[in-house]
Amino acid sequence: MSTPTRTEVRRTLVEVLPATVPGAPVRVRTRDGLLAARTVARGAVHAEVALVATGAVLLGGDHVAVQVRVADGCALTLTDVGGTVAYDGEGRPCRWDVDVRLGAGARLDWEGLPFVVATGADVTRSTDVRLGPGARLRLRETIVLGRDGEHGGRVVLRSGVHDDGGPLLVEEVVAAGERPVPGVLAGTRVIDTVVDLRATADDEPLDGSGGDRVADHRVPTADSAVTLRLERGGTLTRWLGPAAHLSPLHRSHPVPDRPDPVPSVPPLARLEHA
C-alpha cells in the first residue's frame with residue numbers, strides 16, 4: 001500500500017504580543033498549517049499554546065514550517081498534543097522547520113513530545129532561533145528511530161541559536177537507523193536533548209566573563225545523560241537510550257547549589273550518527 005504525498009508548504013504561526021490595555025492579558029495571534037495552534041491560557045505576560053497535527057504528519061514530500069514570535073517582555077509555553085511520526089516516504093524526503101524570534105527579555109518553553117522516524121523516512125529537521133537581549137529559551141527535542149520492531153529511517157537535525165553577540169549553539173546531528181555505528185547509537189533508538197540558553201543582556205559583556213551566564217534551571221545529569229556547559233553560557237543535556245520512557249530528562253528539577261562540573265565547549269559542534 002503506497003503512502004500519499006504532499007508537496008505544499010503550510011506554515012503555522014504563533015505570536016505573542018503585549019496587551020493593548022493595562023491589566024489585560026497578552027494577545028495571541030495564530031495561523032494554522034500542517035500543525036494547528038490552539039490557545040490554552042493567557043495571562044498578563046504569559047500565554048500557553050497547544051500544537052496539534054491537522055492530519056497524518058509527516059508524509060513523503062511534506063514540509064512543516066512553524067514560526068514562533070514572542071514580543072519584548074512576554075513569555076510563551078508551547079505544548080504538543082500528540083507525538084509526530086515521519087512515515088515511509090517511498091523515496092520522498094520531508095522537512096520540519098522551526099523559526100523562532102524572541103524579543104528582549106522574552107521567554108519560550110517548549111517540551112516537545114517524541115518525534116518518531118519510521119523505517120523508510122528521510123527527514124530534515126531544523127531549528128533556527130534568534131534571541132533578543134536577555135531572552136531565554138528552554139527546548140526539549142526527543143527523536144526516536146523507528147516504531148516498535150523497526151530500525152528507523154534517516155534524520156538530519158540542525159540547530160542554530162544566536163543573539164546579538166553571535167552564536168550560542170550551532171549543531172548538526174545525522175542519524176540513520178539502518179546504519180548504526182558501534183559506540184555511537186548501536187543498541188539505542190532515542191536521542192533526547194534539552195537546551196537551556198539565555199541571550200546576553202544589554203548591560204552584560206559579550207565575552208561571557210560577567211554575571212551568572214549559566215541558566216538557573218538545568219536538567220541534572222543522570223545515568224548516561226551528559227550535560228555540556230556552552231562557551232557563552234547555557235547548557236545542552238543529551239541522553240541516548242533504547243526507549244523514550246526510560247529517559248531521565250523528564251525528571252527535571254533544579255540542580256543543587258554546587259553541581260558536579262561539566263565540560264565547557266565552544267558553540268559550534270557537529271555530530272554524525274550514521
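- The distance from the CG atom of L17 to the SG atom of C74 is 7.0 Å, given to the nearest 0.5 Å.
- The closest side-chain heavy-atom distance from I143 to V117 is below 4.5 Å.
- Considering only heavy atoms from C-beta on, V68 stays 4.5 Å or farther from D99 through its side chain.
- For the pair V14 and T39, the minimum side-chain heavy-atom distance is 4.5 Å or more.
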Before you tell me yes or no, could you show the steps for R138 and V194 under side chain to side chain contact (heavy atoms under 4.5 Å, CB included), namely the whole-Å CA-CA distance, both residues' side-chain angles and the distance that decides it to 0.1 Å? CA-CA 7 Å; R138 187 178 186 276; V194 174; 3.9 Å; yes

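- A donor-acceptor contact shorter than 3.5 Å links the side chain of S247 to the backbone of L249.
- Residue L197 holds its CG atom at 10.0 Å from OG of S159, rounded to the nearest 0.5 Å.
- The hydrophobic clustering, which links ILVMFWY residues whose side-chain heavy atoms are closer than 4.5 Å, places V81 and V144 apart.
- There is no path of hydrophobic side-chain contacts, each under 4.5 Å, that joins L113 to V52.
- Look at R38 and D32 and you find a salt bridge, because one of the NZ, NE, NH1 or NH2 atoms lies within 4.0 Å of a carboxylate O, short of that distance.
- In this structure a side-chain-to-backbone donor-acceptor pair under 3.5 Å is missing from T124 to R95.
- Separation of atoms OG1 (T77) and CH2 (W110) is listed at 12.5 Å; rounding is to 0.5 Å.
- Ion pair R140/D109 not flagged as a salt bridge, since none of the NZ, NE, NH1 or NH2 atoms sits closer than 4.0 Å to an Asp/Glu carboxylate oxygen.
- The distance from atom CG of L137 to atom CG of D163, rounded to the nearest 0.5 Å, is 11.5 Å.
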Should H151 and L145 be marked as a side chain to side chain contact (heavy atoms under 4.5 Å, CB included) after you check the CA-CA gap, both sets of side-chain angles, and the distance that decides it? CA-CA 6 Å; H151 54 67; L145 294 178; over 6 Å; no

Dump the intermediate steps for side chain to side chain contact (heavy atoms under 4.5 Å, CB included) on V49 and V40, then the final yes or no. CA-CA 5 Å; V49 175; V40 176; 5.9 Å; no

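- Contacts classified as ring pair (Phe, Tyr, Trp, His ring centres under 6.0 Å) and involving residues 9-49 (residues at least two apart or in different chains) are not found.
- Of the inter-residue distances, the one linking T20 atom OG1 with R27 atom CZ reads 5.5 Å to the nearest 0.5 angstrom.
- The shortest side-chain heavy-atom distance between V161 and L131 falls under the 4.5 Å cut-off.
- Looking at V64 and V57, their side chains come closer than 4.5 Å, going by heavy atoms from C-beta outward.
- With 3.5 Å as the limit, one finds no donor-acceptor pair spanning the side chains of R238 and T227.
- Taking the side chain as every heavy atom from C-beta outward, L240 and I191 approach each other to under 4.5 Å.
- Between E15 and R29 there is a salt bridge, with a side-chain nitrogen of the basic residue lying less than 4.0 Å from a carboxylate oxygen of the acidic one.
- To the nearest 0.5 angstrom, E172 atom CD is 4.5 Å from R158 atom CZ.
- Within the 4.5 Å cutoff, the side chain of L169 has heavy atoms near those of the L236 side chain.
- Counting heavy-atom neighbours within 6.0 Å of R11 CZ, excluding the residue itself, gives a total of 12 or less.
- Residues in residues 114-132 take part in these salt bridge (charged side-chain N to carboxylate O under 4.0 Å, His left out) pairs, two or more places apart or across chains: R101-D128, D122-R154, R125-E141, R130-D164.
- Side-chain atoms of T235 and D196 form no donor-acceptor pair, as typed in the model, at a separation below 3.5 Å.
- Here the side chain of D80 pairs no donor or acceptor atom with the backbone of G82 at under 3.5 angstrom.
- If you check the side chains of W96 and D62, you find no donor sitting under 3.5 Å from an acceptor.
- In terms of modelled atom types and a separation under 3.5 Å, the side chain of T119 and the main chain of G152 share a donor-acceptor contact.
- Proximity of a side-chain donor or acceptor of D97 to a complementary backbone N or O of A65 within less than 3.5 Å is not detected.
- Between V190 and W239, some side-chain heavy-atom pair lies under the 4.5 Å cut-off.
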